[in-house]
Amino acid sequence: MSKKHNNISRRSFIKLLGGGALTTAAVMTGCQSKTESKAVEEYKKQVEPPVDKMTYRVNPKTKEKVSLLGYGMMRLPSKTENQDDYDQEMINRQVDYAIEHGVNYFDTSPVYCQGKSEACTGIALSRHKRSEYLVATKLSNFNRDYWQREKAIEMYHNSLKELQVDYIDYYLLHAVGGGMDEFNGRYVDNGIMDYLLKEREAGRIRNLGFSFHGFKAVFDEVLAMHDKYHWDFVQIELNYLDWDYANEINDRNVDASYLYDELQKKGIPAVIMEPLLGGRLANLPQYMATELKQRAPERSVASWAFRYAGTPEGVLTVLSGMTYMEHLKDNLLSYCPLVPLTENEQRYLDNTVAERIVGLENIPCNDCKYCMPCPYGIDIPAIFVHYNKCKNEGTLPRLKMDDEYYKLRRNYLIGLDRAVPRMRQADHCIQCGQCEPHCPQSIRIPRELQKISQFVEDLKQNKVLTE
């Protein structure tokens with residue numbers, strides 16, 4: 001994986017690229033992209049993945065084989081448009097299909113899917129032999145009430161109950177990185193680390209690690225505790241955008257190249273999250289997607305990101321939140337078996353595709369929904385996703401004198417109303433700030449919502465918009 005090769009600024013890159021490149025996609029109502037439509041058609045045409053070709057990595061501690069594709073149980077399928085009405089029958093089918101095709105790592109949390117993910121995961125997995133799967137979950141004690149020793153221990157034991165297991169294969173301290181005072185309050189001062197170390201010694205936790213989102217100084221300090229706690233693995237965000245540009249996009253984030261290299265120095269396996277950045281690297285602007293398809297017509301756009309994340313040898317497994325069977329099949333094709341990226345392919349993703357995405361200056365929302373529920377009903381991720389989609393496709397209305405301004409204005413407003421009910425849009429945000437501390441990407445959510453609210457109001461008032 002290469003480092004940055006030049007210092008071109010994002011705005012300079014946009015100018016270099018030219019405005020026309022960002023408007024090659026056809027304008028569609030609600031900013032529905034042709035890339036998205038082509039992705040659907042692509043999924044329909046895909047071949048069945050083989051059942052005996054999964055690439056595995058070996059856990060250096062336990063010597064067990066871990067599937068390179070890990071099933072993230074964060075975005076489960078729903079029966080209806082109500083996203084909380086989870087379809088257990090479909091979850092079972094997809095888990096069965098995953099296991100049949102070699103997937104054995106399943107990752108969940110007490111807070112995923114409005115608190116229902118562990119139970120849904122437990123039901124699906126309990127129908128299989130315990131030796132057929134590895135289950136990962138987390139101590140997600142974000143709420144200060146759960147900093148109390150008894151409450152944190154209760155959360156841990158409830159995970160065992162919901163997952164219907166006697167031991168947890170991979171247990172994580174969830175979302176470390178906000179600050180050392182927070183880390184000590186959640187895990188050290190209350191004696192929870194000592195408790196978890198004893199659980200590992202007793203075999204009820206097979207591997208103990210942490211997931212990281214946050215400040216470099218916190219990562220360094222917690223990783224330095226390896227001599228004391230002997231971290232068995234660490235979960236980090238790694239993809240071809242975050243490899244060199246995470247810090248440039250948001251100065252509170254850390255480049256994946258640094259995180260990975262530090263883990264390699266200590267011989268700690270990396271579990272990878274967000275290989276697609278919440279789907280952003282699967283739904284690229286049309287001109288980028290077209291270039292990738294020209295290079296490998298038989299592969300999906302998403303497969304490039306999965307091959308990138310799976311190529312480093314220190315990666316144990318790559319997590320993907322696969323809501324639909326089509327997602328699962330496509331990801332299986334990427335890892336059954338893995339065809340590692342060539343040096344030329346890595347350079348192309350690092351130096352061309354990633355730089356172009358940085359130039360778009362999107363809101364770095366991964367649609368993880370950690371900021372939800374908003375106490376005032378704002379659908380924060382949906383607002384950001386709609387804005388980014390239109391920006392990526394070059395369909396944001398900008399200058400009133402532009403020939404397409406009125407068409408783009410109408411499409412943006414209609415699309416927003418279709419994507420987000422009016423009572424849940426940005427103008428209803430009261431700037432309380434409760435969401436911001438929970439964002440793994442360190443987005444200044446109230447500020448971004450205020451900017452979008454003003455943008456929408458300007459459109460409604462038919463004002464001249466400038467860059």
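Throughout, residue positions are numbered sequentially from 1 according to the sequence presented.
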Ring-ring centroid check Tyr187 Phe183, cutoff 6.0 Å = yes
Compute the ring centroids of Tyr171 and Tyr156, then answer whether they are less than 6.0 Å apart.
-> yes
Taking ring-ring contact (aromatic ring centres under 6.0 Å, His included) as the test, write out the residues that go with Tyr97, two or more places apart.
-> His101
Phe384 meets the ring-ring contact (aromatic ring centres under 6.0 Å, His included) criterion, sequence neighbours left out, with none
Any donor-acceptor N or O pair under 3.5 Å, side chains [X], [Y]:
X	Y	result
Tyr308	Glu345	no
Asp220	Tyr258	yes
Tyr170	Asn59	yes
Asp330	Ser300	yes

Report the C-alpha distance between Asn104 and Ser67 in whole Å, list the side-chain angles of each, state the deciding distance to 0.1 Å, and finish with yes or no for side chain to side chain donor-acceptor pair (under 3.5 Å).
-> CA-CA 6 Å; Asn104 67 359; Ser67 58; 3.1 Å; yes
Kindly compute the distance separating [atom1] ([X]) from [atom2] ([Y]), expressed to the nearest 0.5 Å.
X	Y	atom1	atom2	value
Glu237	Met273	CD	CE	6.0 Å
Gln434	Cys371	CD	SG	12.0 Å
Asp255	Trp243	CG	CH2	9.5 Å

Residues two or more places apart in sequence or in another chain: which of them pass side-chain hydrogen bond (donor to acceptor under 3.5 Å, both in side chains) with [X]?
X	result
Asp96	Arg127, His128
Glu118	Thr137, Ser159
Ser109	Ser140
Tyr133	none

Is Arg200 positioned over the aromatic face of Tyr229, cation under 6.0 angstrom from the ring centre and no more than 45 degrees off axis?
-> no
Test Glu154 against Asn158 for side chain to side chain donor-acceptor pair (under 3.5 Å), laying out the working first.
-> CA-CA 6 Å; Glu154 178 185 346; Asn158 191 62; over 6 Å; no
Listed partners of [X] passing salt bridge (charged side-chain N to carboxylate O under 4.0 Å, His left out), at least two apart:
X	answer
Lys198	none
Arg149	none
Lys116	none
Arg280	none

Side chains of Tyr348 and Arg295 in contact at under 4.5 Å (non-hydrogen atoms) = yes
Is there a side-chain contact between Ile357 and Tyr240, using heavy atoms and a 4.5 Å cut-off?
-> yes
Which residue, Val271, Leu69, Asp169, forms the side chain to side chain contact (heavy atoms under 4.5 Å, CB included) with Tyr105?
-> Val271
Note: Arg130 and Val135 closest approach over all heavy atoms is NH2-CG1, 3.6 Å
List the steps, then state whether side chain to side chain contact (heavy atoms under 4.5 Å, CB included) holds for Thr352 with Met288.
-> CA-CA 10 Å; Thr352 302; Met288 294 188 200; over 6 Å; no
Electrostatic pair Arg206-Asp232, nearest N-O below 4.0 angstrom = no
For the pair Arg444 and Glu436, find out whether any cationic side-chain nitrogen is under 4.0 Å from an anionic carboxylate oxygen.
-> no
Lys53 atom NZ, neighbour heavy-atom count above 12 within 6.0 Å = no
Sorted by chain and number, sequence neighbours left out, side chain to side chain contact (heavy atoms under 4.5 Å, CB included) with Asn344 holds for Thr342, Arg347
Check against side chain to side chain contact (heavy atoms under 4.5 Å, CB included), Ile123 and Gln164 | CA-CA 8 Å; Ile123 291 170; Gln164 303 182 43; 3.9 Å; yes
Going through the distances and angles, do Tyr324 and Gln94 end up as a side chain to side chain donor-acceptor pair (under 3.5 Å)?
-> CA-CA 8 Å; Tyr324 304 110; Gln94 291 178 193; over 6 Å; no
Applying side chain to side chain contact (heavy atoms under 4.5 Å, CB included), run through Leu173 and Arg186 and close with a yes or a no.
-> CA-CA 9 Å; Leu173 313 182; Arg186 289 174 66 185; over 6 Å; no
Residue pair Arg356, Tyr287: steps toward the side chain to side chain contact (heavy atoms under 4.5 Å, CB included) verdict | CA-CA 11 Å; Arg356 288 178 178 178; Tyr287 68 96; 4.0 Å; yes
Would you say the side-chain atoms of Tyr335 pair up with the backbone N or O of Phe306, donor to acceptor, closer than 3.5 Å?
-> yes
Which side-chain hydrogen bond (donor to acceptor under 3.5 Å, both in side chains) pairs, counting each pair once, include a residue from residues 265-279, with sequence neighbours left out?
-> Glu262-Lys265
